[in-house]
Structures are given as C-alpha cells and as structure tokens.
Amino acid sequence: MLYPLSYEGWCSNHTILGGTMSFREVLARSISSALVGCGVLPEDGRPTAHVERPARLEHGDWSTNAALVHARSVGRQPRALAEQLAEQLLMDPPPHLDRVEIAGPGFLNLYLKPGWLYDALVETVSQGVAGYATADIGHGERVQIEFVSANPTGPLHVGNGWWGSYGDALARVMARCGWQVHREYYVNDTGGQVRRLGASLLARRRGEEVPEDGYQGAYVAELASHYEGPDDVDAAGRFATGRILDSIRATLASIGIVYDEWYSQASVEESGAVEETIALLAERGLVYEDDGAVWLRSTSLGDQRDRVLVKSSGDVTYLGGDLAYHRDKFLVRKFDRVIDVFGADHHGQVPSLLAGVEALGVDRDRLEVKLGQMVSLLEGGKSGAMSKRAGNFVALDDLIADIGPDATRLLSLMSSLDQASTLDLDVVRSSSMENPVYYVQYAHARIASIERVMVERGVERQPLDSVDLGALVHDRELELLRRIEELPDTVVEAARDRAPHRVTTWVRNLAGAFHGFYHDCPVLAPSVPTELAQARLWLVEASRISLGIGLDLLGVSAPREM
RNA sequence: GCCCUCGUAGCUCAGCGGAUAGAGCACCGGCCUCCGGAGCCGGGUGCGCAGGUUCGAGUCCUGCCGGGGGCGCCA
C-alpha cells in the first residue's frame with residue numbers, strides 16, 4: 001500500500017517507538033489512504049496536515065486538520081472534503097475506531113473505543129522503563145552539549161543551576177531519542193581573570209583589601225587561608241581555580257549533573273590549536289593584523305564589527321580560545337552537532353562565534369546556541385542583582401541546602417529556557433508545601449505504597465495477557481491512561497524542540513491524573529472485585545513506569561516513600 | 001543609539017499555527033470505616049498595544065510601548 005505523504009509530514013514528532021508503530025502513525029497512514037481515495041495526491045510545498053490529540057475530549061480522542069489543509073489545493077470546501085474523507089476512512093477503518101465526526105471549520109474528529117488505551121497500557125508495561133518512550137529521531141547523530149562552563153573564579157550562582165539543569169535534562173531527553181550525547185564543561189582557566197583571582201588571593205593572605213578589579217567574595221579569604229604556595233599571581237590563581245573547580249564539580253554532581261569531559265582552555269592554548277585555527281582562518285583571508293593585534297574579519301560574515309583574536313600583548317582573547325575550541329569540536333573530534341548553552345548575559349558573543357565557526361568552513365546549522373534567560377531573585381520583597389566580583393550573589397549551593405536537590409532541579413525545569421524567571425527565596429525556603437516537587441513525588445510514593453500493600457496482603461499480579469483490561473472504564477482510569485499514552489510524544493517533542501521542560505509539564509499532569517485515580521479508584525480495598533483489582537494493578541504498574549521515566553529525564557528522584 | 005530577549009489570572013509559570021487559553025500558589029467552601037489528606041472536589045479573574053499573513057494567531061511577520069541583557073585588545 002502506498003502512502004501519499006511522508007510519515008513526517010503527518011506528525012509533529014516523527015515517532016517510531018521501539019520499532020513498532022505509534023498509534024498516531026497508524027492513524028496517519030489510515031488518513032493518508034483515505035486522502036488518496038478522495039483524489040488528494042501528494043504535492044510539494046503544501047501545508048502540513050497533523051494528527052493530534054484535541055485539547056477537549058468532546059472533540060474526540062484524535063483529530064486531523066487534513067481537510068482544512070488540503071481543501072484549497074483540490075478546489076473544494078473543507079467540510080465537504082471532510083465528509084468524503086470520513087466516508088473513505090470508514091471503508092477501511094483504523095483499529096478501535098468507534099465513530100467519526102466533522103466539526104468546526106472542517107476538522108475530522110475520531111472517537112475511539114477504549115481498546116486503544118488498553119493497547120497503550122500493554123505497550124508501556126511490555127517495553128518497561130528501558131524501552132517505553134524511546135525513539136530514534138536522532139539517528140545516532142553525535143551531539144556535543146556544552147553547558148554551564150562558568151569561569152572558575154567563584155561559586156556557581158542560581159542561574160548556573162538553572163541552565164545546568166536545562167543542559168543536563170536536554171542531554172537525557174536527546175539520548176533517549178537516539179542521539180549520542182557528549183556532555184562537556186569548558187573550563188576558562190587562563191588569562192587575566194585567573195591573574196586577578198590570584199592577586200585577590202594574595203592580597204587576602206596579606207590581610208589586605210583585594211584590588212579594585214579583584215574578587216570580593218568571602219570564599220577568596222577562605223581559600224587564601226589554605227594557600228601555602230609562592231607569592232606569585234599565576235601560581236595563586238592556578239591554586240584558586242583548581243580548588244573552585246573542585247567545588248563546582250561537587251555542586252553540580254549534587255543535583256545530578258555529571259560531565260563526560262571537562263575541557264581546559266589552557267590545554268587548548270598549550271596544544272597549539274590557537275595557532276592552527278588562526279592559520280586556517282588566514283588561508284581563507286579572514287585574518288589581518290592591526291595595532292599589533294590579530295583580528296578576525298567577522299564583519300564579512302554577519303558580525304557587527306571585527307574581533308580581536310590575539311591581543312597585542314600576545315594573550316589569546318576569549319573568542320580566540322573559543323574558536324580554537326569549536327574548531328576542535330567540529331574539525332578534530334568531528335561532532336555532527338554542537339549545542340552551546342549560554343546565559344543571556346553572554347549573548348553578545350554569539351554573532352562573533354557563529355561568524356567564526358562559519359569562517360572555519362563549518363556549516364552554521366551544525367551549531368545551536370541556546371540562551372538561558374536570567375534568573376532574578378526576590379528576597380525580603382526585594383530583588384537583588386547578582387555579581388560574582390562583588391560577591392553578593394545567591395550561591396547555588398545555598399539554594400540546594402535550603403530546598404534540596406530535587407526541588408532545585410524541578411523548579412529550574414518548570415519554565416522554558418527562554419523565560420526569564422523569578423525565584424522568591426522567602427517562599428521557596430519557608431513553605432515547602434508550595435513546592436511542586438512534593439506533588440509529583442507523592443504520586444510516586446503512593447504507587448510504591450500500593451505495591452507494598454499488595455505484597456503485605458499476599459496479592460499476586462496475574463500475567464497481563466490473562467487480565468481483562470476492559471474492566472478499566474472509570475473516567476479516572478481512562479484519563480490516567482491518556483496521560484501515560486502521551487509520554488512518548490512528549491519526550492520526542494522535548495528533544496526535537498530542545499525543550500526539556502515539556503517533560504515537567506507532563507510529569508505534573510501525570511501526577512494529577514494519578515492522584516485523581518487514587519482518590520476515586522481503590523485498588524486493593526476489600527470492596528473491589530478481583531478482576532478489577534488486577535486491571536488496576538497493571539494500570540498502577542504502567543503509571544510507575546511512565547512516571548519513573550519522566551522523573552529520571554528531569555533528574556528528580558522517584559522516592560518509594562516520603 | 002544599535003543588537004538580542006521576554007511581556008498570558010493578584011503572584012510563579014504551562015500552552016508542537018487549531019476548536020470554549022490551563023495548572024500551582026494565594027483567597028472561600030466542601031470531602032477521611034477502604035491502598036498514605038504532602039491528596040480529591042467546587043468557586044473567578046487574563047494573552048501589553050496596533051496592523052499584517054492564514055480557513056484559523058497567545059503562538060508567525062512588522063511597528064510601537066514596557067522589563068531584562070549585551071554592545072572591551074574582560075571573560
């Protein structure tokens with residue numbers, strides 16, 4: 001059988017689950033066939049039709065805008081085309097189809113029998129935590145994700161934690177969708193900032209104020225008390241950055257962020273990669289000297305001005321080092337794709353980086369730069385601007401100590417990376433009840449609680465194929481199944497759109513559906529017939545699997561009790 | 001001045017170009033003989049403004065207004 005439109009044309013998500021067809025794909029193929037029956041043939045440049053889950057149950061279990069999208073190109077009224085499409089569809093209906101309705105301007109709404117949800121339950125349980133909601137839209141592409149990369153001149157602030165959670169969750173989501181992911185932290189361990197840090201350390205050791213452009217934070221004095229090396233700014237700076245990097249590593253690990261590689265800028269410079277990079281750029285005629293410095297002719301590649309690569313002092317600029325680093329990513333280690341996660345305060349360097357990467361002969365599409373908006377903090381009703389040099393920022397460590405690693409992860413993944421967020425420290429600290437992490441973890445603890453009671457009472461879960469899932473007819477049961485069925489789509493969309501916070505939204509919805517089910521549908525109460533209890537036990541198991549996957553993708557723990 | 005980004009309920013935020021825009025918190029009122037009440041149910045307010053594209057715009061485009069960020073031989 002021929003399908004006139006590519007599967008990708010139908011689906012926002014391109015899902016092909018574990019080698020089996022998603023229900024969305026089954027429907028898409030049916031509708032494609034029906035379109036052929038209506039005389040609608042494939043054609044390039046046509047708007048894309050979708051199969052989607054309507055927001056409202058009254059609009060069916062699934063719906064398609066195919067008639068709306070294709071009406072014009074075949075010169076018909078959308079509703080008339082929809083009528084014919086419905087007739088065609090009923091001649092060879094997809095599984096579980098109950099009825100079809102035409103609604104609104106020409107939507108085709110499909111109403112299904114609950115069997116499709118029972119199939120979803122079987123799918124979830126049979127694939128389990130390892131297999132459910134996996135996909136292969138990455139096709140094994142090697143992607144390097146660089147995130148945090150904060151300078152080792154002081155503790156991480158809350159914004160670093162937000163963007164770090166994003167980078168890590170994105171890595172998890174993409175890994176689940178078929179990418180080979182490499183997590184990396186770029187360590188800025190050279191240059192003037194390290195000398196300034198060293199000078200600050202030495203000043204503190206002498207009991208003096210730090211220089212005007214130095215680092216004021218109390219941690220500098222603390223480090224100075226442990227420094228026994230020579231009175232040399234470079235040595236003191238290396239000591240300080242090393243110690244700070246250790247603590248940064250520990251902080252990130254405490255919220256589940258572990259890197260494949262910590263990449264040192266010093267090693268880049270020592271390897272001669274900067275010279276090789278400049279030589280490559282020079283071959284392309286994109287480098288010139290002026291005032292004793294080496295410049296990149298970035299204006300010819302869309303930047304607003306030319307940029308210095310090597311200062312007249314002989315020091316390499318940040319851009320010079322970063323370009324050598326990106327040359328290494330693309331041309332030496334040959335990653336197919338690179339995703340850089342920066343804070344919005346560094347967005348000014350993006351055009352020159354993009355220009356520089358293009359100057360290296362790398363296709364611009366292979367580099368994605370994601371900018372995390374600033375996190376502002378409210379404390380005592382006042383907002384505070386954070387500055388590392390002034391030492392008045394809120395440390396990520398302090399926040400983790402206050403609210404715990406799980407709450408830190410979940411809060412940071414509640415909103416999109418593009419959303420500048422405000423964190424009210426008083427609320428988050430004082431009132432744990434307002435913390436959404438309890439809501440989702442409580443759902444998981446309740447699942448585990450049911451399992452414990454099951455064991456205590458000696459109840460055995462019968463093999464799934466011997467259980468009649470048709471017993472699941474309660475609205476709460478069906479609502480929960482609908483949520484479980486959404487996870488694969490959600491994960492794919494999160495990976496495709498680089499938006500791991502979608503998983504957070506799903507987790508909260510799943511938890512809500514489970515709490516409702518738990519309240520209205522006792523599983524092991526004496527009043528529940530055995531057949532129903534068995535079906536509900538499997539529904540609980542499917543909930544455990546899917547919620548566990550969601551929480552793991554977010555890096556939030558799934559407690560069995562609280 | 002130029003560039004980037006954001007503007008959705010009192011607050012914090014969801015919302016892959018779809019139909020009557022949703023949660024949590026806060027406020028008010030209900031619900032525990034059952035497997036955990038950190039839960040469930042009910043109650044009301046909103047897409048900054050103006051154009052445009054589209055069968056259809058909170059979502060895409062343009063302009064304006066407002067907030068944040070950036071415009072170094074700092075990183």
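Below, chain A is the first sequence line, B the second, and so on; all start at residue 1.
- For the pair A:Arg446 and B:G37, the criterion of a side-chain N or O lying under 4.0 Å from OP1 or OP2 is met.
- Glycosidic torsion of B:C71 falls outside 90° of 0, placing the base in anti.
- In a base pair of the Watson-Crick type (N1 to N3 plus N6-O4 or O6-N4) or a G-U wobble (N1-O2 and O6-N3), with each distance short of 3.5 Å, B:A23 is matched with B:U12.
- Salt-bridge formation is not detected for the pair A:Arg482/A:Glu485: no Lys NZ or Arg NE/NH1/NH2 atom is positioned less than 4.0 Å from an Asp or Glu carboxylate oxygen.
- Atom CD1 in A:Ile447 sits roughly 15 Å away from atom C1' in B:A38 (whole-Å rounding).
- Residue A:Gln84 comes nearest to A:Cys38 through the heavy atom pair NE2-CA, 3.5 Å, listed as atom of the first residue, atom of the second, then distance.
- Counting non-hydrogen atoms under 4.0 angstrom, A:Arg79 reaches nothing in the nucleic acid.
- Of the side-chain N and O atoms in A:His59, none sit less than 4.0 angstrom from OP1 or OP2 of B:U20.
- As rounded to whole Å, 9 Å separates atom C1' of B:C35 from atom CZ of A:Phe514.
- For the OP1/OP2 pair of B:A14 and a distance below 4.0 Å, the side-chain nitrogens and oxygens of A:Ser415 include at least one atom meeting the criterion.
- A:Tyr518 comes within contact range of at least one nucleobase, with a heavy-atom separation under 4.0 Å.
- In this model, the phosphate group of B:C41 is approached by a side-chain N or O of A:Arg476 to a distance below 4.0 Å at OP1 or OP2.
- Atom CG in A:Leu323 sits roughly 15 Å away from atom C1' in B:C73 (whole-Å rounding).
- Looking at heavy-atom distances under 4.0 Å, A:Glu561 makes contact with a base.
- For the pair A:Tyr438 OH and B:G36 P, the computed distance is 20 Å after rounding to whole Å.
- Under the Watson-Crick and G-U wobble criteria, each requiring two contacts below 3.5 Å, nucleotide B:G1 is paired to B:C71.
- Side chains of A:Tyr518 and A:Arg476 form no contact here, defined as non-hydrogen atoms less than 4.5 Å apart.
- For B:G46, there is no paired nucleotide, since no Watson-Crick or G-U wobble pair has both relevant distances below 3.5 Å.
- Looking at heavy-atom distances under 4.0 Å, A:Glu52 makes contact with a base.
- Counting any heavy atom pair closer than 4.0 Å across all strands shown, A:Met562 reaches a base atom.
- If you check every strand for non-hydrogen atoms under 4.0 Å, A:Asp322 touches nothing.
- What separates CZ of A:Arg307 from C1' of B:G72 is a distance of 9 Å, to the nearest Å.
- Whole-Å rounding puts the A:Asp306 CG to B:G72 P distance at 13 Å.
- A:Pro78 comes within 4.0 angstrom of nothing in the nucleic acid, heavy atoms only.
- When each of A:Thr317 and A:Gln304 is assigned the nucleotide of RNA chain B with its nearest heavy atom, A:Gln304 is the one assigned upstream, toward the 5' end.
- Residue side chain A:His347 fails the stacking definition with respect to B:G70, as its ring centre and the base's six-membered ring centre are not both under 5.5 angstrom apart and under 30 degrees in plane angle.
- Closest to the side chain of A:Thr422, from the set B:G36, B:U12, B:C34, is B:U12.
- Within the 4.0 angstrom heavy-atom criterion, no nucleotide atom of any strand lies near A:Pro526.
- Ion pair A:Lys370/A:Glu368 not flagged as a salt bridge, since none of the NZ, NE, NH1 or NH2 atoms sits closer than 4.0 Å to an Asp/Glu carboxylate oxygen.
- A:Val523 comes within contact range of at least one nucleobase, with a heavy-atom separation under 4.0 Å.
- Remark: A:Arg53 is positioned above the aromatic ring of A:Trp62, its terminal NZ or CZ atom under 6.0 angstrom from the ring centre and at most 45 degrees off the axis.
- Of the candidate nucleotides B:C6, B:U54, B:C35, B:U54 has the atom lying nearest to any side-chain atom of A:Arg72.
- With a cut-off of 3.5 Å on both Watson-Crick or G-U wobble distances, the partner of B:C55 is given as B:G18.
- At a cut-off of 3.5 angstrom, counting only N and O atoms as typed in the model, there is no donor on one side facing an acceptor on the other between the side-chain of A:Asn509 and the base of B:A23.
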Would you sort out whether A:Thr408 and A:Ser165 count as a side-chain contact (heavy atoms from CB on, under 4.5 Å), showing the intermediate values?
CA-CA 9 Å; A:Thr408 303; A:Ser165 296; 5.5 Å; no

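- Under 3.5 Å, the side chains of A:Tyr186 and A:Asp340 contain no donor-acceptor pair of N or O atoms.
- Using a 4.5 Å heavy-atom threshold, the side chains of A:Glu479 and A:Phe517 count as separate.
- Neither OP1 nor OP2 of B:C40 sits under 4.0 Å from any side-chain N or O of A:Tyr442.
- Proximity of A:Arg502 to the phosphate of B:G15: a side-chain N or O atom is located under 4.0 Å from OP1 or OP2.
- Across the P atoms, B:G17 and B:G44 are found 31 Å apart, a figure rounded to whole Å.
- Residue-level contact check: A:Thr505 touches the backbone only, with heavy atoms under 4.0 Å from sugar-phosphate atoms and none from bases.
- Rounded to the nearest Å, the gap between the C1' atom of B:C4 and that of B:C47 is 23 Å.
- Nearest nucleotide to the side chain of A:Gln419, out of B:A14, B:C35, B:A75: B:A14.
- A stacking contact links A:Phe107 to B:A19: the aromatic ring centre lies within less than 5.5 Å of the base's six-membered ring centre, and the planes differ by less than 30°.
- Residue contacts shown for A:Ala344 are limited to sugar-phosphate atoms, with no base heavy atom under 4.0 Å away.
- Rounded to a whole angstrom, the distance from the C1' atom of B:G18 to that of B:U59 is 11 Å.
- Judged by distance alone, with hydrogens and angles left aside, A:Ser449 brings no side-chain donor or acceptor close enough to the base of B:C35 to form a pair under 3.5 Å.
- Residue A:Ser416 is in sugar-phosphate contact alone, with no base atom involved, counting any heavy-atom pair closer than 4.0 Å across all strands shown.
- Applying the 4.0 Å criterion to OP1 and OP2 of B:A75, one finds that A:Gln349 has every side-chain N and O outside that range.
- At the heavy-atom level, A:His501 lies under 4.0 Å from the strands shown only through sugar-phosphate atoms.
- For A:Arg452, no side-chain nitrogen or oxygen approaches OP1 or OP2 of B:C35 to under 4.0 Å.
- As rounded to the nearest Å, B:G69 and B:G29 have P atoms that lie 42 Å from one another.
- Side chains of A:His70 and A:Arg76 form no contact here, defined as non-hydrogen atoms less than 4.5 Å apart.
- With hydrogens and angles left out, the side chain of A:Asp345 and the base of B:G70 share no donor-acceptor pair within 3.5 Å.
- Counting only heavy atoms from C-beta on, A:Val69 has its side chain closest to B:G18 among B:C73, B:G18, B:C31.
- Ranked by how close their nearest RNA chain B nucleotide is to the 5' end, A:Pro105 and A:Arg508 are led by A:Pro105.
- Atom CG of A:Leu309 and atom P of B:G72 are 16 Å apart (whole Å).
- Searching all strands for a Watson-Crick or G-U wobble partner of B:G7 with both distances below 3.5 Å returns B:C65.
- Here A:Tyr318 does not pack flat against the base of B:C74, since the 5.5 angstrom centre distance and 30 degree tilt limits are not both met.
- Taking atom CZ of residue A:Arg483 and atom C1' of nucleotide B:A23, one finds them 10 Å apart after rounding to whole Å.
- Side-chain nitrogen and oxygen atoms of A:Lys311 include at least one within less than 4.0 Å of the OP1 or OP2 phosphate oxygen of B:A75.
- One finds the OG1 atom of A:Thr241 at 10.5 Å from the CG atom of A:Asn151 (value rounded to the nearest 0.5 Å).
- At a threshold of 4.0 angstrom between heavy atoms, the contacts of A:Ala55 with the nucleic acid are absent.
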